[in-house]
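Data first, discussion second: the structure below is written as structure tokens.
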Amino acid sequence: MRQSVVRTIGPGVLTLLLTALGVAVVTRLLLERVSLDGLVLNLLLRNRDAYAGMALPNAVTVAIGRSLVLIVGATTIATVFGLVFAIIHFTARYRIVRGAAWALGTVGVSLPSFFWAMLLQLFVISWYLATGRGLLPTTGYGLDEHVVLPLLALSMRPTAYVFRTAATALEEIAARDYVRTARAKGLVEHLVLVRHMFPNARPTILAGIGYASRSVLSSLAIVEYLFTWNGAGFAFIYAVANRNVDFAVALVVALASIFALISVVLALLSRTAPKEAVAAAA
């Protein structure tokens with residue numbers, strides 16, 4: 001076990017360092033040599049920077065901290081609800097329920113996060129126009145009701161992906177001999193899930209969670225911009241528009257490091273997954 005962990009951590013640390021170095025070099029090279037004067041982004045956001053006047057370490061810390069709220073929150077929501085929906089799908093007796101759940105999961109995977117962000121904003125605005133009552137803020141940063149819509153927008157697609165991945169894994173494992181043997185011995189269904197199916201489905205489920213977290217990271221900038229959530233993605237857009245190279249590079253390196261770190265952690269968790277032989281003998 002220790003050797004397995006060491007073999008995972010070594011390449012993982014190397015990947016982390018190479019990712020940070022490569023991203024820093026490429027980002028700096030592009031921002032220093034490419035002219036942005038004709039871009040609409042540059043024309044709209046030039047001379048506007050919420051982090052102006054802050055020291056670079058403080059600005060990066062604040063921006064990353066605000067983004068981590070969304071990254072961790074959206075990934076947690078996707079994991080919990082994705083697994084719950086997968087269990088409901090697997091245990092449902094009626095095909096129409098299973099088919100509807102799978103169709104909704106397909107739609108969720110197909111639609112990007114910025115679509116959900118705009119859809120949620122339009123819904124809240126339409127509700128206000130119809131009733132005169134505001135449901136939730138559609139813009140702005142705050143660790144209160146302001147966080148609800150960005151979290152929902154970022155977690156929709158990852159939730160659907162975790163659901164589809166987990167549901168597929170459970171369906172495949174349900175046909176294994178050790179699962180049929182456990183059921184033949186009279187083990188109740190929830191114990192079959194807990195003792196036999198989920199432990200052996202864990203590597204596949206972790207892979208789905210890994211994709212979900214990467215999906216959150218890849219959509220972070222546009223969702224933060226749409227909701228004016230002043231985190232790392234939002235700050236990076238403004239840094240590029242204002243040619244604040246040092247700030248932009250620092251933000252990209254920090255986000256890339258988080259991306260690589262998530263991959264290492266999930267790889268370690270997958271290494272500790274039990275073998276089928278263990279589950280079969282339980």
CA sep, side-chain torsions, deciding dist, call: Ser155, Val216, side chain to side chain contact (heavy atoms under 4.5 Å, CB included): CA-CA 7 Å; Ser155 61; Val216 171; over 6 Å; no

Trp102 and His89 aromatic ring geometry - parallel, tilted or perpendicular at 30°/60° bounds: tilted

Parallel, tilted or perpendicular: ring planes of Tyr238 versus Tyr225, cut at 30 and 60 degrees: tilted

Gap separating the [atom1] atom of [X] from the [atom2] atom of [Y], nearest 0.5 angstrom:
{"X": "Asn230", "Y": "Thr139", "atom1": "CG", "atom2": "OG1", "value": "12.0 Å"}
{"X": "Leu220", "Y": "Leu255", "atom1": "CG", "atom2": "CG", "value": "6.5 Å"}
{"X": "Phe123", "Y": "Leu152", "atom1": "CZ", "atom2": "CG", "value": "11.0 Å"}
{"X": "Arg202", "Y": "Thr204", "atom1": "CZ", "atom2": "OG1", "value": "11.5 Å"}
{"X": "Thr61", "Y": "Arg66", "atom1": "OG1", "atom2": "CZ", "value": "12.0 Å"}
{"X": "Leu251", "Y": "Tyr51", "atom1": "CG", "atom2": "OH", "value": "8.0 Å"}

So if you build clusters from Ile, Leu, Val, Met, Phe, Trp, Tyr with side-chain heavy-atom gaps below 4.5 Å, do [X] and [Y] land together?
{"X": "Val69", "Y": "Leu217", "answer": "yes"}
{"X": "Leu143", "Y": "Leu70", "answer": "yes"}
{"X": "Ile71", "Y": "Val60", "answer": "yes"}
{"X": "Val72", "Y": "Ile64", "answer": "no"}
{"X": "Leu56", "Y": "Val62", "answer": "yes"}

Validation row: [X], [Y] side chains within 4.5 angstrom (heavy atoms):
{"X": "Arg176", "Y": "Asn200", "result": "no"}
{"X": "Val124", "Y": "Leu120", "result": "no"}
{"X": "Ile258", "Y": "Leu68", "result": "yes"}
{"X": "Met118", "Y": "Leu226", "result": "yes"}
{"X": "Ser67", "Y": "Glu224", "result": "yes"}
{"X": "Ile222", "Y": "Phe234", "result": "no"}
{"X": "Phe198", "Y": "Ile173", "result": "no"}

Looking only at heavy atoms, which two atoms of [X] and [Y] are closest? And how far apart?
{"X": "Ser113", "Y": "Val223", "answer": "CB-CG2, 4.0 Å"}
{"X": "Pro112", "Y": "Arg157", "answer": "CA-NH1, 4.3 Å"}
{"X": "Ile237", "Y": "Ala221", "answer": "CD1-O, 3.8 Å"}
{"X": "Leu151", "Y": "Ala74", "answer": "CD2-N, 3.5 Å"}
{"X": "Ala153", "Y": "Phe227", "answer": "CB-CE1, 3.9 Å"}
{"X": "Phe163", "Y": "Ala86", "answer": "CD1-N, 3.4 Å"}

Atom CZ of Phe81: over 12 foreign heavy atoms under 6.0 Å: no

Residues, nucleotides or ligands: over 12 heavy atoms within 6.0 Å of Ile96 CD1: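 For Ile96, atom CD1 is not crowded (no more than 12 foreign heavy atoms under 6.0 Å).
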
Steps toward side chain to side chain contact (heavy atoms under 4.5 Å, CB included) verdict (Ile87, Phe90): CA-CA 5 Å; Ile87 294 172; Phe90 179 75; 5.7 Å; no

Steps toward side chain to side chain contact (heavy atoms under 4.5 Å, CB included) verdict (Tyr128, Leu135): CA-CA 7 Å; Tyr128 176 77; Leu135 287 176; over 6 Å; no

Does [Y] offer a backbone N or O that forms a donor-acceptor pair with the side chain of [X] under 3.5 Å?
{"X": "Gln121", "Y": "Pro137", "result": "no"}
{"X": "Ser213", "Y": "Thr75", "result": "no"}
{"X": "Ser215", "Y": "Tyr211", "result": "no"}

Full working for side chain to side chain contact (heavy atoms under 4.5 Å, CB included) between Thr228 and Tyr141: CA-CA 7 Å; Thr228 61; Tyr141 167 80; over 6 Å; no

